[in-house]
Number of protein chains: 2
Amino acid sequence: MASLKDLAKLVGVSPTTVSFALNGRSREMRISEELTERILEAAKQLGYQPNNIAVALRTGQTKIIGLIVEDIANHFFSNLAKTIEDEASRFGYRVVYCSTENMAGKGDELINMLQRQQVDGYLITPDASMEERMTALLKRDIPVVQIDRYLPGLDCPYVMVDNHQGVVSGVEFLLKKKYTRISFVTVDLDMIQMKERKLGFVETMTAHGLFKNKKQLLELPYSSVREDAVERIQAYLEKEKPQAVLFATNYVGILGLRAIKNLQLNVPDDLAVVCFDDNEVFDLCTPAITAIRQPIESMARGAVKILMGEMGVAKKSARKQVKIQTSIVRRDSA
Amino acid sequence: MASLKDLAKLVGVSPTTVSFALNGRSREMRISEELTERILEAAKQLGYQPNNIAVALRTGQTKIIGLIVEDIANHFFSNLAKTIEDEASRFGYRVVYCSTENMAGKGDELINMLQRQQVDGYLITPDASMEERMTALLKRDIPVVQIDRYLPGLDCPYVMVDNHQGVVSGVEFLLKKKYTRISFVTVDLDMIQMKERKLGFVETMTAHGLFKNKKQLLELPYSSVREDAVERIQAYLEKEKPQAVLFATNYVGILGLRAIKNLQLNVPDDLAVVCFDDNEVFDLCTPAITAIRQPIESMARGAVKILMGEMGVAKKSARKQVKIQTSIVRRDSA
DNA sequence: CATTATTGCTAATTCGTTTTAGCCATTGTT
DNA sequence: AACAATGGCTAAAACGAATTAGCAATAATG
């Protein structure tokens with residue numbers, strides 16, 4: 001591929017001049033308009049593309065941000081990623097994304113990899129295992145923003161949904177519909193966002209004098225196999241026979257719907273359903289599933305904005321701990 | 001971050017020696033075992049990470065492949081991307097992915113961007129607008145493999161599904177169930193994979209003397225708005241009242257289900273449904289949707305393997321035009 | 001007319017690696 | 001004892017751009 005040097009040779013000037021001309025520094029560097037014109041012309045004609053690798057090495061900036069999510073094939077994360085990519089591109093940044101796949105150690109490995117790639121900043125949905133490496137990044141003043149959750153031990157910006165309020169509104173929605181025996185099906189993941197959701201449920205139910213005992217909670221082992229999880233939900237529903245159930249995540253919701261289908265329960269008459277985090281699936285289910293929607297766009301935008309602030313590309317954000325409100329998408333399942 | 005030079009200084013040897021030691025060339029380059037040990041030790045202690053940017057500049061290899069898909073938020077593509085990423089990592093390659101979002105010109109822009117990033121190879125789901133730029137890549141002997149479809153004018157490897165056979169099997173499946181008034185709902189996209197699917201339908205129906213007229217085909221404008229498309233399908237189904245419908249893509253299928261739901265049709269009694277390309281949604285629908293499954297994993301694996309062959313990383317593949325067979329996932333909708 | 005400013009451009013260094021060519025000391029060969 | 005072979009290491013160049021410092025020619029100034 002044609003290099004800047006080739007281009008210089010072609011025009012018959014020094015690489016320095018070409019560099020100035022291409023970077024719009026002609027005026028400042030007193031390159032005559034006529035020469036600048038000729039250089040630009042030649043660049044176009046050669047189809048010159050700057051070698052970003054060389055630029056990055058020289059400038060120390062790759063103009064790339066690293067995005068680490070749990071699983072890029074997951075609806076929530078792939079949409080998040082897409083919006084982040086769009087948003088970042090408006091600042092001239094590219095995004096490279098990677099999934100931890102919930103594998104121990106994978107997060108660390110990915111941070112290492114992105115570090116070797118010299119990304120300029122990080123957008124991370126963290127888990128506890130990454131705390132050490134993230135601390136190291138922060139100590140070296142490398143811009144990091146957490147999304148969807150945060151590690152309480154870290155002094156690091158985050159953008160997430162107000163999980164507590166989200167669940168509270170979901171429970172209250174069910175209460176208004178006169179359901180009283182409500183269950184909460186979640187995953188036993190020790191992350192802040194899951195804790196907040198659980199707390200939201202327990203507190204609201206307790207406040208209404210409806211939290212009788214722990215059997216209203218089903219906590220699935222985080223790393224259980226799909227089939228096992230479905231079976232556990234099935235067994236639970238059969239035994240406890242709640243009037244309504246609130247699924248704590250999209251993924252759990254899908255497992256739950258599978259279980260409900262296996263049991264041939266009639267929704268919402270036998271069992272009302274609300275799911276935290278919406279999914280294009282839900283609209284097509286019969287009946288369509290009511291969900292607590294996370295505003296994916298706002299989250300992505302917010303996170304990118306803060307990150308750009310940290311990187312000195314945009315105005316530094318004042319608020320660096322952002323919780324965005326959820327909304328209820330009323331459908332037919334409750 | 002610590003550089004190789006820092007490391008050399010710390011150990012008290014030349015950068016050359018350190019480079020050899022870290023790259024496992026100690027034996028070959030006669031670096032004593034004792035010194036090698038000391039270097040490795042110091043590297044670990046410093047937490048040394050090679051700067052891939054510098055490596056890439058020097059070696060001319062980024063160990064990155066560029067993946068261009070239509071829309072990363074789409075179930076099919078995000079799963080494809082995920083498998084490709086896994087597969088590539090087994091060869092020591094990273095993947096950066098981008099979506100064309102069906103926007104004119106975006107594909108070219110993305111190829112440019114990846115070119116500037118100096119990616120070592122390309123995996124592309126092409127559209128006609130990219131032909132020129134892809135030709136340019138091929139002329140420069142840059143490895144490119146097409147996925148999911150191909151441009152007939154290009155001498156370039158591809159991995160895709162046998163669309164023709166897939167639709168044939170779908171139609172025959174419906175015929176075996178004694179449906180005779182079958183419709184095919186597709187999108188008026190002038191790409192080979194869509195042509196093959198349409199042809200598969202028309203040919204099979206004709207062979208059985210069941211292709212009466214063009215009204216058995218509904219071709220939606222490619223870039224129509226979601227709501228418009230749903231409405232058109234609705235109107236079509238009401239007017240033509242087919243016994244069974246075969247949706248040509250996942251996306252069209254979802255629109256179709258929406259339409260069917262709006263019409264409150266009873267599936268499969270009022271209308272049987274089969275969709276080309278499976279989706280996790282389909283299993284949860286009531287009734288669950290029968291689908292023609294594309295083996296995403298095989299496609300991803302096949303494409304990566306050919307690409308690695310082209311890049312000289314793996315054995316060069318003999319077959320470079322691969323069509324993979326589909327299978328029918330029998331559920332309740334037909 | 002001598003000095004200083006300005007204009008228009010370039011040589012040379014740098015970023016962090018890899019790699020080629022080669023240096024010095026020791027050992028082996030005749 | 002002279003010479004080659006080997007062992008153990010390093011100096012320097014290169015990749016492709018950005019940038020700093022500066023050079024020559026012309027114009028402006030007193």
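Proteins come first, then strands; the chains are lettered A, B, ... in the order of their sequence lines, and each starts at number 1.
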*Mapping B:T16 and A:P15 to their closest nucleotides on DNA chain D, which lands nearer the 5' end?*
B:T16

Looking at the side chain of [X], which of [options] is the nearest nucleotide?
| X | options | answer |
| --- | --- | --- |
| B:A54 | C:dG16, D:dA17, D:dC9 | C:dG16 |
| A:S19 | D:dT19, D:dT10, C:dT10 | D:dT19 |
| B:F20 | C:dG8, D:dA17, C:dT19 | C:dT19 |
| A:S32 | C:dT7, D:dA18, C:dC9 | C:dC9 |

_Residue B:K305 excluded, over 12 heavy atoms near NZ under 6.0 Å_ =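 Check fails, neighbour count at 12 or below.
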
*Checking only heavy atoms, does the side chain of A:R58 share a donor-acceptor pair with the base of D:dA18 at less than 3.5 Å?*
yes

Expressed in angstrom and rounded to an integer, what is the separation of [X] atom [atom1] from [N] atom [atom2]?
| X | N | atom1 | atom2 | answer |
| --- | --- | --- | --- | --- |
| B:Y48 | C:dG16 | OH | P | 10 Å |
| A:I53 | C:dT14 | CD1 | P | 22 Å |
| A:M29 | D:dG22 | CE | P | 15 Å |
| A:R27 | C:dG8 | CZ | P | 10 Å |
| B:R30 | C:dT26 | CZ | P | 16 Å |
| B:E34 | D:dG8 | CD | P | 11 Å |
| A:Q49 | D:dA17 | CD | C1' | 14 Å |
| A:K5 | C:dT14 | NZ | P | 16 Å |

Would you classify [X] as touching base, sugar-phosphate or nothing, given that sugar-phosphate means primed atoms plus P, OP1 and OP2, and contacts are heavy atoms under 4.0 Å?
| X | answer |
| --- | --- |
| B:T17 | base |
| A:N23 | sugar-phosphate |
| A:L57 | base |
| A:R25 | sugar-phosphate |
| A:L35 | sugar-phosphate |

*Are B:Y97 and A:Y97 close enough that their ring centers fall under 6.0 Å?*
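So the answer is yes for these two rings.
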
*Is a donor on one side and an acceptor on the other found under 3.5 Å between the side chain of B:S78 and the backbone of B:N74?*
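Checked: pair present.
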
*Within the distance-only criterion (no hydrogens, no angle test), does the side chain of A:R94 pair as donor or acceptor with the backbone N or O of A:S89 below 3.5 angstrom?*
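Not at all, since once roles are kept as given, no pair shorter than 3.5 Å links the two residues.
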
*Evaluate the side-chain contact (heavy atoms from CB on, under 4.5 Å) criterion for residues A:R149 and A:Y158: first the C-alpha distance (whole Å), next the side-chain angles of each, then the deciding distance (0.1 Å), finally the verdict.*
CA-CA 7 Å; A:R149 54 187 97 163; A:Y158 59 77; over 6 Å; no

